[in-house]
Amino acid sequence: MAATTDQGAHVKRVVLAGLIIAMSSAAFWAQDLSVPNRADSLKFAAIGDNGTGEQPEYDIGRQMDVWHRRFPFDMVIMLGDNIYGNQRPADFVQKFEKPFKPLLDAGVKFYASLGNHDNRANDAYLPFNMGGQRYYTFARNNARFFALDTNFLDPAQLNWTEHALKETTEPWKIAYFHHPLYSDGGRHGSEVDLRVRLEPLFTKYGVNVVYSGHDHIYERLKPQKGITYFVSGAGGELRQGDLRRSSLTAAGFDQDRSFMLNEIAGDDLFFQVVSRTGQTVDAGVVHREAEP
Amino acid sequence: MRRAWTCTADHYLVLPLGAAIAIVWANTYSASYFHVAQACAFAVNGVGMAFVLAYLMQEVIEAALPGGSLYSWRRTAVPIVAALGGTIGAIGAYLACIGAGDEDILVQGWPVVCAVDVVVSLAVARAIFRRGAAAHFLLVVAIVSDIVGLAVISNRALGLRGHPAAALLIVIAIGLAALLRRADRRSVWPYLLGPGVMSWFGCFWAGVHPALALMPVVPFLPHSARDLTNATNAQRVRHDQASHFESLFEWPVQVVVALFGFTNGGVLIRGFGTGTWAVLIASLAGRPLAMVTVIAAAIIAGLELPRAITWKDVVVIALATSPGLTFGVLFATAVFPDGPLLMETKMGAIASVAGVAVALAAARLLRVGRFVEVGDQSERALRRRPV
């Protein structure tokens, strides 16, 4: 008799657990995927200031893996401060390889840019795909990416950037680097001296979208001179409540860690910003105007 | 009016004025400030500053002539050792600060802390010690520290692709200047237009910071001995001759210094970071501590302090060499391109002017220099008071 009661309680527990899992899954799948997720589009994620090796970074890694199953991006652009603190081989495991193991195992490629906390020699770390260069360019589908090193924007790099932009034939030109040209982050804010150097090149050669980190928040700025700027520097670090909204702010989130999902389909770049808990905190589309 | 201008010129007050305008502008209409500042940067830092450094070097060379205030190497042995020790201490403190964090990229900014602002040090020396051995001591420390810094940054001119063969032009320029000197040319123009221009292009093409271009030529310019701490009327007359570099460039140098303060001083208030603290700690703590330690070691090893200098003076002198200011900013622009690292280190160099207040406070506390009299007077007054 006692055994029958135990068995009944066990069955109830299993059913309850099943219900909870089913409800959680349903809740997750019910979360809107705001990007169209087309078969032939270019899909990529963006993270910045992630390399802490602490629990929030692992949470972001897990969340990215979860979303990757629904939205199979094949690359991630890293916006700098990829490894904080010590930069020994064990740190690369603890602060990068472990948190993003599921993505790395799934063949997702990471393309890093260097932040102020990154060692310059990290450009030789193979999983960052920098090819031993602190600034470099690569193309995917109809987009060309420019990873710059804003720690050290010397004349040689500026010349290289202008030349590379000039030679670009892809319709989408996307630049990413650590220090934001526009930001309403309270701690750092806009790097105006860099803006004066880079913005004329970006406008002259038709850069469409710019991604940066450094301020540990998420912010989307209203297009400036035809360019959409994103600050996504809360991939591991967070400066809670640091966003000082201004007339330039289009959207922002400074309450938790976050990362970005992006999809380029034709002349549209769709984006969705996801928090550590899986909530969508911003989404939208950037339409590329045809070049004159 | 004349007196006000002399005071402004002697203390290079146009520099903080230019920097103050820049800071206000940079923090209100940032983009327009950086557009203007970056457009002026090469002309001011690469061309104008060549004249300022030449002007300062001319003063130092004349002070080292017989009859000048720095004449005789025996007088300068301890301060030279102190300068080298202080510089090593500042570099060590800077590297220790950077090493304690994780922004290794700032390591290459160590030349910034070699800087001691000669002008500010001179002003502090005059304010505390008036004339005398302590002022000379402080001046030698400042000059030697900057020579080390200039030597370090000489091959770090950003954006210049070095063609070592172009250094030959500098050698030819020195030879030409020597020939002009041998021919006893008393006007500075042949020196500037011939060897000066040649040396500038030599530096530029060789990848050497062009602000250093006139320094190899200056030793050959017409000279007359001087006292750096307090120019006498006789000296002023000699230096007012139309052929003299100082009289020709007195005004232009002030304009360049103001523009230098304006072009490089515009830091964003929130642009501070690890580099700022590292430069500040190195300047305010690393350099003075190391300097006092090295002087103590030098005395133990057998060298002697100049007769009129006490240990209290040494402490104040060490603190008075903290401000890197102009030279710190110049060195920073040589090692970092425009961007956050330059901003951080420039802010540290500018903030190191706090060393002036620290030195004055220490002088007052230790009753050194002019404050000896204050102390003595109040003591005398106390004694006179009826019990």
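The chains referred to below are lettered A, B, ... by the order of the sequence lines, with proteins before strands, and numbering in each begins at 1.
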Student: Go through the atoms of B/Leu106 and report whether side chain, backbone, both or neither lie under 4.5 Å from a heavy atom of chain A.
Tutor: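 For B/Leu106, there is no contact with chain A at all, as no heavy atom is under 4.5 Å.
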Student: Looking at B/Phe201, I'd like to know if its CZ atom is crowded, meaning that more than 12 non-hydrogen atoms belonging to other residues, nucleotides or ligands lie closer than 6.0 Å.
Tutor: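 Not more than 12 within 6.0 Å, no.
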Student: Nearest 0.5 Å, what's the CG-NE2 distance between A/Asp193 and B/His35?
Tutor: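 Here the rounded value is 11.5 Å.
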Student: Can you tell which of A/Arg187, A/His214, A/Glu191, A/Glu199 has the highest number of heavy-atom pairs within less than 4.5 Å of chain B?
Tutor: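 Heavy-atom pairs under 4.5 Å are most numerous for A/Arg187.
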Student: Taking the six-membered ring of B/Tyr33, is NZ or CZ of A/Arg195 closer than 6.0 Å to its centre and within 45° of its axis?
Tutor: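 Negative - A/Arg195 is either too far from the ring of B/Tyr33 or too far off its axis.
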Student: Using a heavy-atom distance cut-off of less than 4.5 Å, which residues of residues 339-347 of chain B contact chain A?
Tutor: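 Within residues 339-347 of chain B, the residues that come under 4.5 Å of chain A (heavy atoms only) are B/Gly339, B/Pro340, B/Leu341, B/Met343.
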Student: Can any side-chain N or O of B/Arg270 pair as donor or acceptor with the backbone N or O of A/His188 at less than 3.5 Å?
Tutor: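 Confirmed, B/Arg270 side chain pairs with A/His188 backbone.
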Student: For chain B, which residues of residues 114-124 of chain A have at least one non-hydrogen atom nearer than 4.5 Å to it?
Tutor: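 Near chain B, by residue number: A/Asn116, A/His117, A/Asn119, A/Arg120.
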Student: When you look at CG of A/Leu126, are more than 12 heavy atoms from neighbouring residues, nucleotides or ligands closer to it than 6.0 Å?
Tutor: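 12 or below, so no.
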Student: If you round to the nearest 0.5 Å, how far is CG of B/Asp338 from CG of A/Leu194?
Tutor: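 These two atoms lie 7.5 Å from each other.
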Student: Compare every heavy atom of A/Asn151 with every heavy atom of B/Ile105, then report the nearest pair and how far apart it is.
Tutor: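 Nearest heavy atoms, B/Ile105 then A/Asn151: CD1-CB, 3.5 Å.
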Student: Count the heavy atoms of every other residue, nucleotide or ligand shown that sit under 6.0 Å from NZ of A/Lys98, and state whether that count exceeds 12.
Tutor: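 It does not: A/Lys98 NZ has 12 such atoms or fewer within range.
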